[in-house]
Amino acid sequence: MASSTMFSVLLFASLVVAVSAAGNLNQNFDITWGDGRANILNNGELLTLTLDKTSGSGFQSKNEYLFGKIDMQIKLVQGNSAGTVTAYYLSSEGATHDEIDFEFLGNVTGQPYTLHTNVFTQGKGDREQQFRLWFDPTADFHTYSILWNPQRIVFSVDGTPIREFKNMESIGIPFPKNQAMRIYSSLWDAEDWATQGGRVKTDWAKAPFMASYRHFNADNACVSTNGRTTCNTASSWMNQQLDATSQSRLQWVQKNYMIYNYCVDIQRFPQGLPKECSVA
Ligand SMILES: *[C@@H]1O[C@H](CO)[C@@H](O)[C@H](O)[C@H]1NC(C)=O
C-alpha cells in the first residue's frame, strides 16, 4: 500500500514536470555547438552564447513541444553588434517543417536592433514581419514569448503582443498542429547581409560578442512517450485569444514599431499578395 501510494506520487510529479518546465536551463537545454563558446552558469540560472571570429554557438531544448506557451528572457549583444544575429525559434524537422522565428539583427552602437519574425507552415515561410523595439534590448533582459495553440500563434515582447498568426486552415493555409517543435537559439555572424544590407561589417576587435538567457518558462500541451502522444487540452492558454487590451497593444506596436510587413509588399508579390493577407 505504502509503496503504491509512493508510486502514484512519483508518477504524478513526473507528469507535472513534463508538462510545465520552469527555470533550470541545465534541465531544459543542451548546448549543441560552439566548442566552449556556450555556457550554462550559476546552477542553471543563466545561459550565455558567444561569437568570435572562429565560430558562433547555439543550444536546443531537450523537450519537444506540440503547442506551447514559452517565455525566455534574453539580453542581446551590447555595443557594436553590427553583423551579429541572435536567432531564437521553434522548429520541427524535415522538408515540410513548421517554424516560429524571432531573429535579432545587431547594429552599430546607438542604432536600433531589428527584430525579425517569420512563420513557416509545412515548409513554406516568406511571412516576414520586422519591428523596432520600444527599449534598448541590450541594456537589460526582456521577455520574448510565444503562445502557440490550435487557433493562433502570438509573438509577445514583455507581455505586449507584436504579431498574431491565426489558424487560417478554413481558407487553405496550413497551420502548425501535427509536428512537435524544439526550441533553438544561436548567435552567429551574418555580416554579409544583416546590417544595412551588408554595408556595415562585424567589428571583430569587439569580439567575443555575447547574448544571455535566463528565466525560461514553458508549458507544453502534448507529451510524447514511446511514439504515443498525449495532450492536455485543458490548460487555459490552449484556447487563449487576445482580449481587447491586448488587441489594442498589438495595434499600437504594428502602427508605431513595424518596419516591414510582407503583407503590404506589393513589389515582392507582383502576382498578388499571399491569400492570408486578406484576412483581417
Ligand atoms: C541599424 O540602424 C540603421 C540606422 O538607424 C537602420 O537603418 C537599420 O535598419 C538598423 N538595423 C539594422 C539591422 O541594420
Side-chain angles (χ1 to χ4, degrees), residues 34 37-38 48-53 55-59 72-91 99-120 125-146 155-158 160-163 165 184-213 249-269 273 277:
R37 288 177 191 81
T48 57
L49 292 184
T50 59
L51 161 71
D52 61 28
K53 184 126 211 204
S55 173
S57 53
F59 64 88
M72 180 75 97
Q73 289 196 354
I74 309 175
K75 183 176 169 182
L76 294 163
V77 174
Q78 287 183 297
N80 185 355
S81 59
T84 71
V85 175
T86 305
Y88 173 72
Y89 59 102
L90 267 66
S91 185
E99 189 176 318
I100 304 169
D101 294 335
F102 277 114
E103 268 188 85
F104 302 89
L105 314 184
N107 215 331
V108 292
T109 308
Q111 295 303 317
Y113 261 72
T114 296
L115 169 51
H116 175 99
T117 63
N118 204 354
V119 177
F120 284 70
D126 298 332
R127 299 192 174 101
E128 298 85 357
Q129 287 187 352
Q130 294 184 338
F131 303 86
R132 292 276 179 255
L133 293 163
W134 49 95
F135 52 83
D136 174 1
T138 74
D140 208 342
F141 286 92
H142 290 271
T143 305
Y144 301 92
S145 309
I146 289 166
F155 295 74
S156 300
V157 176
D158 289 335
T160 293
I162 63 164
R163 176 171 187 178
F165 182 82
Y184 298 87
S185 189
S186 55
L187 172 58
W188 43 287
D189 180 59
E191 63 179 358
D192 293 343
W193 57 266
T195 306
Q196 297 170 31
R199 287 189 297 278
V200 182
K201 301 294 177 192
T202 304
D203 180 2
W204 292 110
K206 301 290 188 318
F209 302 98
M210 182 185 284
S212 309
Y213 302 75
R249 297 179 78 183
L250 174 69
Q251 277 156 22
W252 172 76
V253 173
Q254 299 229 330
K255 178 163 178 272
N256 297 294
Y257 294 94
M258 187 154 68
I259 55 171
Y260 178 79
N261 181 6
Y262 76 109
C263 269
V264 296
D265 193 346
I266 308 165
Q267 271 146 8
R268 182 176 170 194
F269 301 105
L273 293 171
C277 296

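Computed from a prediction, not measured in an experiment: that's the story for all the values here. Every number for a ligand or one of its atoms is a count from 1 in the order of the listing. What you see below is based on every heavy atom in this structure, not just the backbone, and it leaves out hydrogens, waters and symmetry mates.
- Within the 4.5 Å cutoff, the side chain of Phe104 has heavy atoms near those of the Ile74 side chain.
- Between Tyr257 and Trp252, the closest side-chain pair of non-hydrogen atoms falls below 4.5 Å.
- Contact atoms of ligand 1 toward Pro112: 1 (C), 2 (O), 5 (O), 10 (C), 11 (N) (distance under 4.0 Å to a heavy atom of the residue).
- Only the side chain of Asn107 comes within 4.0 Å of ligand 1, counting heavy atoms alone; its backbone N, CA, C and O stay farther away.
- From the protein, the heavy atom lying nearest to atom 9 (O) of ligand 1 is Arg132 NH2, 2.8 Å.
- Judged by distance alone, the side chains of Thr138 and Asp136 do bring a donor and an acceptor atom under 3.5 Å apart.
- No hydrogens or angles considered: a donor-acceptor pair under 3.5 Å links the side chains of Asp265 and Tyr260.
- None of Thr117, Asn261, Asn118 except one satisfies the side chain to side chain donor-acceptor pair (under 3.5 Å) rule with Gln129; the exception is Asn261.
- Contacts between Ala82 and ligand 1, counted as non-hydrogen atom pairs separated by less than 4.0 Å, are absent for every part of the residue.
- Relative orientation of the Phe135 and Tyr144 rings is tilted, given thresholds of 30° and 60° on the angle between their planes.
- Protein heavy atom nearest atom 14 (O) of ligand 1, with residue, atom name and distance: Gln196 N, 3.1 Å.
- With respect to atom 13 (C) of ligand 1, the closest heavy atom belonging to the protein is Thr114 OG1, 3.3 Å.
- Counting the atoms of ligand 1 from 1 in the order shown, those under 4.0 Å from a heavy atom of Leu105 are 13 (C).
- Residue Gly106 places a heavy atom less than 4.0 Å from ligand 1.
- In this structure, the side chains of Arg268 and Asp126 come closer than 4.5 Å at one or more pairs of heavy atoms.
- Among the atoms of Gln111, some N or O lies under 3.5 angstrom from an N or O of ligand 1.
- If you number the atoms of ligand 1 from 1 as listed, the ones under 4.0 Å from a heavy atom of Thr195 come out as 14 (O).
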